[in-house]
Amino acid sequence: MVRRWLFGDQLGPHFLDDPAQPVLLIESKAVFRRRAFHRQKAHLVLSAMRHRAAELGDQARYLRTETYREALARVREPLDACHPTSRAARRLVRAAGVTMLGPRGFATDPAEFTAWANGRSRLRMEDFYHDARRRFGLLMDGGEPVGGRWNLDADNRQPPPKSGHLDVPPPPLPVEDDVDAEVRADLDRWEREGVAFVGRDGPRLFPATRDEAVARLRHFVAHRLAAFGPYEDAMLSGDPWLAHSMLSAPLNLGLLDPLEAARAAERAFRAGKVPLASTEGFVRQLIGWRDYIWHLYWYLGERYPRANRLHARRTLPDWFAGLDADAVQARCLSDVLAGVRDRGWVHHIPRLMVLGNYGLQRGWRPQELADWFHRCFVDGYEWVMTANVVGMSQYADAGAITTKPYAAGGAYLHRMSDYCGGCRYDPGTRLGEHACPYTAGYWAFLDRHRDALRGNHRLAQPLRQLDRLADLDAVVDQEHRRGSHAP
Ligand SMILES: Cc1cc2nc3c(=O)[nH]c(=O)nc-3n(C[C@H](O)[C@H](O)[C@H](O)COP(=O)(O)OP(=O)(O)OC[C@H]3O[C@@H](n4cnc5c(N)ncnc54)[C@H](O)[C@@H]3O)c2cc1C
């Protein structure tokens, strides 16, 4: 029988056609030598691969080598592989003469995406999502969306509860075992040998096996999904998880299938256990956003990741690149950076509106920021960076996939979080000692790009406001002086 080469993000049962098929897994050390990944991300990926090999027993051949090529040279049997998730890995599969099958682990297949996208003047996630709901019959009543509306975000997006915490049980955390102990010892040794990591080591927080992933999904649907919608966009200093699923890592490792998760959510809704707004919001993230981002990685082509239409040329400062949260006084940025340092994970809004927003305002190189996200997050992969970081967060494609840049001042952060209360900066102040770096940075950003953004009707009002700011020159000068210093 042909041996199935499984990459480290193809670990679930759906990557095998026959449960008895022989398997090849390759652990390449060179991957970790080339770039400094978050220590907890390295741990998670190696733990997941080694757990899968242990589950498969004699069925799996597990090779630990410096490079993939070295390992492939040792295998004599014919190999096949599911379509990998990066261009570099696809080149490797092709060059090695491995039979390549279609991709798995995403809901929509590439031919369906291309059929949907071709001939459209504008690609909109919302249209793709409606199409996917129809094709999969998810949350549908005949040909119509359940409840009569496709998107219930208007019922979601509430600010955080005033109590400072959300009344939902925390996600069950995995219990580390001998495999984790071996991974930790190996990574300690690699560090002594000169392999560099970023971030702090800590107990494994994310599923590394199919059983752990299914347990997290079930717990989320039963206990947390109901609160997901209303508090999806909220941020709380004392609660990094809120009601998010924390499923991106197991989904991206291939331990869970997005349709399986979406159908589990729908079942809970049909059983009357979860409100429609939360269910719809979660299903949209899974079969809408996640799949859309995946397909755009391939569809937008090889040059898209280098897009830099706002000519952002500043390099990432050391305090940011090195996750030095203690160097930062702005409470939101310090807390979020500490979350990345300590867990390799923060939820969507801190990624977009705290980290990405800060980089966008300061004109940091989009590609460098994408590389940073890729290395520092437990769920970071190349395919997920392109549209999320280069496109959505940094607007480096000048609006090919979003209608306006995700730039916002302190007022947004004040409304959606509890950070501003104890902060030395004031979200309502743009000039002087207490000027919020996000508020000042927002106006400086609009000023720098006013010509490029002039035609965007969604920015007409802020641009008019910009023209009326009497202290604009002083604000711009202040931001210029702030430069790369930690705020
Ligand atoms: C700047 C930036 C960087 C990001 N980097 C990553 C990343 O490295 N890896 C990653 O998987 N996601 C990334 N995202 C998307 C999103 O922030 C994460 O998927 C989500 O925060 C993961 O937490 P969760 O599992 O609790 O998600 P939930 O909020 O519970 O959402 C459910 C699921 O929907 C999917 N999803 C939702 N939005 C997106 C999206 N925009 N792109 C892809 N999947 C999505 C994820 O699989 C997620 O698990 C990024 C977004 C931004 C703006």
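Nothing here was measured: the structure is a model prediction, and the numbers come from that model. One-based numbering, in listed order, for ligands and for the atoms of each. Below, each value reflects all heavy atoms present in this structure, side chains not excepted, and no hydrogens, waters or symmetry copies.
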Which atom names give the shortest non-hydrogen contact between A265 and T279, and what distance separates them? O-CG2, 3.5 Å

Under 6.0 Å from the ring centre and within 45 degrees of the ring axis: does the NZ or CZ of K41 meet both conditions for the six-membered ring of Y381? yes

Per the side chain to side chain donor-acceptor pair (under 3.5 Å) rule, what does the pair list look like for residues 319-335, sequence neighbours excluded? S237-R331, Q329-R424, D335-Y419

Taking all atoms of both residues into account, what is the closest heavy-atom pair of R341 and H38, and its distance? O-NE2, 3.0 Å

Hydrogens and angles aside, do N357 and Y406 bring a side-chain donor and acceptor to less than 3.5 Å of each other? no

Does ligand 1 have any N/O pairs with the protein under 3.5 Å, and how far apart?
from: ligand 1; atom 1: 5 (N); to: R351; atom 2: NH1; distance (Å): 3.3
from: ligand 1; atom 1: 8 (O); to: D379; atom 2: O; distance (Å): 3.4
from: ligand 1; atom 1: 8 (O); to: D379; atom 2: OD1; distance (Å): 3.3
from: ligand 1; atom 1: 9 (N); to: D379; atom 2: O; distance (Å): 2.8
from: ligand 1; atom 1: 9 (N); to: D379; atom 2: OD1; distance (Å): 3.3
from: ligand 1; atom 1: 11 (O); to: N252; atom 2: ND2; distance (Å): 2.8
from: ligand 1; atom 1: 17 (O); to: H348; atom 2: ND1; distance (Å): 2.8
from: ligand 1; atom 1: 21 (O); to: H348; atom 2: N; distance (Å): 3.3
from: ligand 1; atom 1: 23 (O); to: W345; atom 2: NE1; distance (Å): 3.3
from: ligand 1; atom 1: 25 (O); to: S245; atom 2: OG; distance (Å): 3.4
from: ligand 1; atom 1: 25 (O); to: L247; atom 2: N; distance (Å): 2.9
from: ligand 1; atom 1: 25 (O); to: S248; atom 2: N; distance (Å): 2.9
from: ligand 1; atom 1: 25 (O); to: S248; atom 2: OG; distance (Å): 3.4
from: ligand 1; atom 1: 26 (O); to: S245; atom 2: N; distance (Å): 3.3
from: ligand 1; atom 1: 26 (O); to: M246; atom 2: N; distance (Å): 2.7
from: ligand 1; atom 1: 29 (O); to: H244; atom 2: ND1; distance (Å): 2.7
from: ligand 1; atom 1: 30 (O); to: S245; atom 2: N; distance (Å): 2.8
from: ligand 1; atom 1: 30 (O); to: S245; atom 2: OG; distance (Å): 2.7
from: ligand 1; atom 1: 38 (N); to: Q285; atom 2: OE1; distance (Å): 3.2
from: ligand 1; atom 1: 41 (N); to: N388; atom 2: OD1; distance (Å): 2.9
from: ligand 1; atom 1: 42 (N); to: N388; atom 2: ND2; distance (Å): 3.0
from: ligand 1; atom 1: 49 (O); to: S248; atom 2: N; distance (Å): 3.0

Any side-chain donor near an acceptor of the partner, E232 and Q158, under 3.5 Å: no

